[in-house]
S.K.: 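Can you keep this structure in mind? I'll have questions shortly.
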Amino acid sequence: MVLRPGPRNLITDVDGILVGNHEDGRLRSGVSVVLCEQPAVASVDVRGGAPGTRETDLLDPSCRVDRVDAICLSGGSAFGLSATDGVMRWLRERGRGVAIADIVVPIVPTAILFDLLNGGDKGWDWPPYREMAHDATGRAARDFALGNAGAGLGAKAGNLKGGLGSASAVDPATGLQVGALVAVNARGYTTMGNLPQFWAWALEQDGEFGGLPPPARGLSLAVSHDRADLTHDPADVARSDPRANTTIAVVATNARLDKASANRLAVMAQDGLARSIRPVHTPQDGDTVFAVATGRHDLAIDPLALAELGTLAADCLARAVARGVYHAESLGAARGWRETFGR
């Protein structure tokens, strides 16, 4: 295979996938919706020790429902799980969902990240995520913003501003497509210690996150680094509280997979987080990766091909993590990568 980023270098380079965002600058929070143009096979893998999810049990290969209508990624911690209702309403208004007699029930698995301590106005009576998600679903399209967009608006990544990232890989000869979308709100760092190079540096395509040269020196084995010089306020609560984290993602392919294979795809895609964030999958993170297969590619996926597909998905996810932080702009106490490193 000869693989390159797709024309948009976004998850929407996968046929049948659209993405919609809604963010609120006053709240410093937002929602991202991956909308399947047709119901798609899906599964999930959860590695973090503090996840917040909805409808993930049904994605187990042993459960009956094997297709979803959308995947929702939301800020707001547990309050953000109400975003699911907004996506479901939009789908039901259009008659989409599992038909049971004369009722349709949209299937919308959801994962959330913690962004409650970033200085935004969180003094709501009722969480606003239902309405935000309904609007985000209506905005779903092939093109969408990265960085301070959707679920990435209020995110942080170590001591840098986190954000919404996406990347893709396509093979023009065979038509195979793979893509990833991620809201990076990690406890760990996405860059190599105090250096500007991303951990995903070796996977970069066409300068998509800065095109920097290799790091000029060896790296310390230390897990944490003194980053006080990179912050506006070393006492910032959201950075110092180890519970204020979680990276949530979706990988998608146009390959035809069954539910068990989609589950394996999600498991392998988690390696993309390990390639781009250090540390990752900690007790304080709720790292969750969904896998979606639209089934528009006729090539049979045998075990070897699935292994290759999972590797590509992991690489796309690692690149998406770096792109999310690269495109993020400073917000409050969280400084963006470009401002921090003067790039």
Side-chain angles (χ1 to χ4, degrees), residues 1-19 34 36 40-45 47 59 71 73 142 146 164-184 190 198-209 247-277 280-281 287-326:
M1 289 189 289
V2 179
L3 292 150
R4 304 231 2 121
R8 298 175 179 83
N9 200 15
L10 300 172
I11 192 174
T12 49
D13 287 323
V14 175
D15 292 338
I17 296 293
L18 305 174
V19 171
V34 176
C36 305
V41 173
S43 193
V44 67
D45 185 70
R47 296 285 177 91
L59 298 180
I71 303 287
L73 307 179
R142 303 261 179 232
L146 301 181
L164 189 73
S166 191
S168 69
V170 301
D171 182 357
T174 66
L176 184 65
Q177 303 162 340
V178 183
L181 178 77
V182 60
V184 189
T190 58
F198 288 96
W199 284 114
W201 171 85
L203 299 171
E204 185 174 16
Q205 302 293 309
D206 303 327
E208 62 190 340
F209 39 86
T247 297
I248 49 180
V250 181
V251 296
T253 179
N254 64 342
R256 184 170 297 156
L257 303 179
D258 59 20
K259 201 172 180 183
S261 296
N263 180 252
R264 180 52 52 186
L265 182 64
V267 169
M268 292 190 67
Q270 284 274 12
D271 290 347
L273 299 186
R275 293 170 191 166
S276 57
I277 301 170
V280 72
H281 304 146
D287 302 327
T288 300
V289 176
F290 297 96
V292 175
T294 63
R296 298 194 180 188
H297 191 281
D298 291 329
L299 184 66
I301 300 296
D302 58 25
L304 179 58
L306 180 59
E308 294 176 347
L309 185 64
T311 301
L312 293 174
D315 289 349
C316 279
L317 183 49
R319 291 166 47 216
V321 167
R323 294 192 78 206
V325 176
Y326 174 74

S.K.: Measure the spacing between CE of M268 and CG of L312 and express it to the nearest 0.5 Å.
M.R.: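 The CG atom of L312 is 9.0 Å from CE of M268, to the nearest 0.5 Å.
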S.K.: Going by the rule side-chain contact (heavy atoms from CB on, under 4.5 Å), which residues pair with A42 if we only count those two or more places apart in sequence or in a different chain?
M.R.: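 Partners of A42 by the side-chain contact (heavy atoms from CB on, under 4.5 Å) criterion, ordered by chain and then number, come out as L59, V68, V292.
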S.K.: Between T294 and A40, what is the shortest heavy-atom contact and its length?
M.R.: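 Residues T294 and A40, closest heavy atoms: CA-CB, 4.1 Å.
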S.K.: Provide the closest heavy-atom pair for G179 versus V14 in the form atom of the first, atom of the second, distance.
M.R.: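 Looking at all heavy atoms of both residues, the shortest contact is N-CG2, 3.6 Å.
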S.K.: Closest heavy-atom contact between V251 and A180?
M.R.: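 Minimum heavy-atom separation between V251 and A180: CG1-CB, 4.0 Å.
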S.K.: Tell me if the CZ atom of R264 is crowded by more than 12 foreign heavy atoms within 6.0 Å.
M.R.: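 It does not: R264 CZ has 12 such atoms or fewer within range.
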S.K.: Is a side-chain donor or acceptor of N254 paired with a backbone partner of Q177 at a separation under 3.5 angstrom?
M.R.: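 Checked: pair present.
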S.K.: Are the side chain of N9 and the backbone N or O of S168 linked by a donor-acceptor pair below 3.5 Å?
M.R.: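 Looks like yes, one N/O pair under 3.5 Å.
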S.K.: Please determine which of T12, L10, I11 meets the side-chain contact (heavy atoms from CB on, under 4.5 Å) test together with L181.
M.R.: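 Answer to the side-chain contact (heavy atoms from CB on, under 4.5 Å) test with L181 among T12, L10, I11: I11.
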S.K.: Is a side-chain N or O of N263 found less than 3.5 angstrom from the main chain of K259, in a donor-acceptor match?
M.R.: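 Absent.
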S.K.: I'd like to know if the side chain of R323 reaches the main chain of S166, judged simply by a donor and an acceptor atom lying under 3.5 Å from each other, with no hydrogens or angles considered.
M.R.: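 Present.
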S.K.: For the side chain of D206 and the backbone of E208, is there at least one donor-acceptor N/O pair under 3.5 Å apart?
M.R.: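 No, D206 side chain to E208 backbone: no donor-acceptor pair under 3.5 Å.
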S.K.: Rounded to the nearest 0.5 Å, how far apart are OG1 of T247 and CD of Q270?
M.R.: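 Rounded to the nearest 0.5 Å, the OG1-CD separation comes to 9.5 Å.
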S.K.: For a quick test of reading the model, state the closest non-hydrogen atom pair linking A167 to C316 and the distance between them.
M.R.: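 Minimum heavy-atom contact is CB-O, 3.6 Å.
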S.K.: For residues L176 and A255, report the shortest heavy-atom separation together with the two atoms involved.
M.R.: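 In this case the closest contact between L176 and A255 is CD1-CB, 4.1 Å.
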S.K.: Which distance, rounded to the nearest 0.5 Å, do you find between the CD of Q205 and the CG of L3?
M.R.: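 That separation rounds to 9.0 Å.
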S.K.: With rounding to the nearest 0.5 Å, note down the distance linking OG1 in T190 to CZ in F209.
M.R.: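 With rounding to 0.5 Å, OG1 (T190) is 10.0 Å from CZ (F209).
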S.K.: Scan I17, V41, D15, V178 and name whichever one has a side-chain contact (heavy atoms from CB on, under 4.5 Å) with T253.
M.R.: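 Output: one option passes, namely V178.
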S.K.: Of all heavy-atom pairs between A318 and R275, which one has the smallest distance, and what is that distance?
M.R.: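 In this case the closest contact between A318 and R275 is CB-CB, 4.1 Å.
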S.K.: Between D258 (side chain only) and S261 (backbone N and O only), is there a donor and an acceptor less than 3.5 Å apart?
M.R.: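 It does hold such a pair.
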S.K.: Going from OG on S276 to CZ on R319, what distance comes out if it is rounded to the nearest 0.5 angstrom?
M.R.: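 The distance works out to 12.0 Å.
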S.K.: Out of curiosity, L309 CG to L304 CG, how far, rounded to the nearest 0.5 Å?
M.R.: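 Atom-to-atom, L309:CG and L304:CG are 11.5 Å apart.
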